[in-house]
**Student:** 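First, the structure itself, so that you have it in front of you.
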Amino acid sequence: DGGITQSPKYLFRKEGQNVTLSCEQNLNHDAMYWYRQDPGQGLRLIYYSQIVNDFQKGDIAEGYSVSREKKESFPLTVTSAQKNPTAFYLCASRAGNTGELFFGEGSRLTVL
Amino acid sequence: DQQVKQNSPSLSVQEGRISILNCDYTNSMFDYFLWYKKYPAEGPTFLISISSIKDKNEDGRFTVFLNKSAKHLSLHIVPSQPGDSAVYFCAASTGGSGGSNYKLTFGKGTLLTVNP
C-alpha cells in the first residue's frame, strides 16, 4: 500500500545527542514536509522540500537539519542546538498539483 | 503572531446533534483552507477543503463554510457520532491548492468530544 512511513515511532535520547528521524514515502509525491506538535501548540512547520536536492526553512527551523537526496526520503536531524527537542514529529508529503498533505503516523522524541 | 486561530480548545456535543468548529485567520493572502482530524499518537487525516472562490463545500456529514469578509471559516458535522471525537485542525495556505513554495499554516486545534 502507498503511504508515508516514519521511524522510529518512539525514541529516547540523552540531552546533547543528535537524533535523526526517518521519513519515507512511496506515493511518488514531489513535496515533503516536517512539522512538530507540542501540547496546545498545533502543528508548526520545521522544514519543507518541493523537489529533490532543494529544501526551505519553515517557521521553527533552528536546531534542525534535513536532506533530500532522494524523492522518497526526507530525514530530519534534531541537533543538540535544539533547545526543546521533546515533541511529536510529523512528516507529510503532497502531490504536485493538490493542496492536501498526507501525514505519517508520527515519531515521539523524548530527550532525557 | 498566530495567523490561523482556533479559539475554542474543546467542544462537547451529544451524539446526533450538530458540531460546529470555528477558525479565524489574519492573513488576507490565504486562499485555500483545509480541515484535518487527528487521533492521539497518530498523524492528521484530511477531511475537507475549500477554495476562497467558494463559500461552501460539502462532503457527506461534513460541510465547511467560508466567510472571506470576516476571515472566518467553520466546519459543521451533522449528525455527530462518537467516532468523530478527535482533535480538529484548521489549516490555510497561499497560492491556491498547489503552487510552488506551497505550505500549510495550522491552528492549535479543537478537541471535539461526542457523547453517546
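Chain letters run A, B, ... following the sequence lines, proteins first and then strands; every chain starts at 1.
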**Student:** Looking only at heavy atoms, what is the nearest atom pair of A/Tyr48 and A/Lys57, with distance?
**Tutor:**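 Smallest heavy-atom distance, with atoms named: CE2-O, 3.6 Å.
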**Student:** As an exercise, state the distance from CZ of A/Phe103 to CD of A/Gln37, rounded to the nearest 0.5 Å.
**Tutor:**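 One gets 9.5 Å once the value is rounded to the nearest 0.5 Å.
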**Student:** Can you check whether A/Leu76 reaches A/Tyr64 side chain to side chain, under 4.5 Å on heavy atoms?
**Tutor:** yes
**Student:** Rounded to the nearest 0.5 Å, what's the gap from CG on A/Leu101 to CZ on B/Phe46? Could you check?
**Tutor:** 10.5 Å
**Student:** Go through the atoms of A/Leu45 and report whether side chain, backbone, both or neither lie under 4.5 Å from a heavy atom of chain B.
**Tutor:** side chain
**Student:** Residue by residue, which of residues 61-85 of chain B have a heavy atom closer than 4.5 Å to a heavy atom belonging to chain A?
**Tutor:** none
**Student:** Residues of residues 5-26 of chain B under 4.5 Å from chain A (heavy atom pairs)?
**Tutor:**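 Residues in range: none.
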**Student:** Only one of A/Gln50, A/Glu100, A/His29 forms a side-chain hydrogen bond (donor to acceptor under 3.5 Å, both in side chains) with A/Arg94, so which one is it?
**Tutor:** A/Gln50
**Student:** State the CG-OG distance between A/Asn26 and A/Ser73, to the nearest 0.5 angstrom.
**Tutor:**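 It is 12.5 Å, given to the nearest 0.5 Å.
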**Student:** Just verifying a value: how many Å separate A/Leu90 CG and A/Leu21 CG, rounded to the nearest 0.5 Å?
**Tutor:**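 Rounded to the nearest 0.5 Å, the CG-CG separation comes to 10.5 Å.
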**Student:** What's the separation between atom CZ in A/Arg108 and atom OH in A/Tyr10, rounded to the nearest 0.5 Å?
**Tutor:**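 Reported value, rounded in 0.5 Å steps: 7.5 Å.
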**Student:** Using a strict cut-off of less than 4.0 Å between a Lys/Arg side-chain nitrogen and an Asp/Glu carboxylate oxygen, indicate whether A/Asp30 and A/Lys71 qualify as a salt bridge.
**Tutor:** yes
**Student:** Counting C-beta onward and ignoring hydrogens, is there a side-chain heavy-atom pair between A/Arg44 and A/Asp38 closer than 4.5 Å?
**Tutor:** yes
**Student:** More than 12 heavy atoms of other residues, nucleotides or ligands under 6.0 Å from NZ of A/Lys9: is that the case?
**Tutor:** yes
**Student:** Heavy atoms under 4.5 Å from chain A: which residues of residues 33-45 of chain B carry them?
**Tutor:** B/Leu34, B/Tyr36, B/Lys38, B/Ala41, B/Glu42, B/Gly43, B/Pro44
**Student:** Name, in order of residue number, those residues of residues 107-116 of chain B that have a heavy atom at a distance of less than 4.5 Å from a heavy atom in chain A; otherwise write 'none'.
**Tutor:** B/Gly107, B/Lys108
**Student:** With a 4.5 Å cut-off on heavy-atom pairs, point out which of A/Gly40, A/Ala92, A/Cys91 contacts chain B the most.
**Tutor:** A/Gly40
**Student:** Which pair of non-hydrogen atoms, one from A/Pro75 and one from A/Trp34, has the smallest distance, and what is that distance?
**Tutor:** C-NE1, 3.9 Å
**Student:** Starting at CG of A/Leu27, measure out to CD1 of A/Ile4 and round the result to the nearest 0.5 Å.
**Tutor:** 5.5 Å
**Student:** Is the A/Tyr35 to B/Phe106 ring centre distance short of 6.0 Å?
**Tutor:**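 Centroid separation for A/Tyr35 and B/Phe106: below 6.0 Å.
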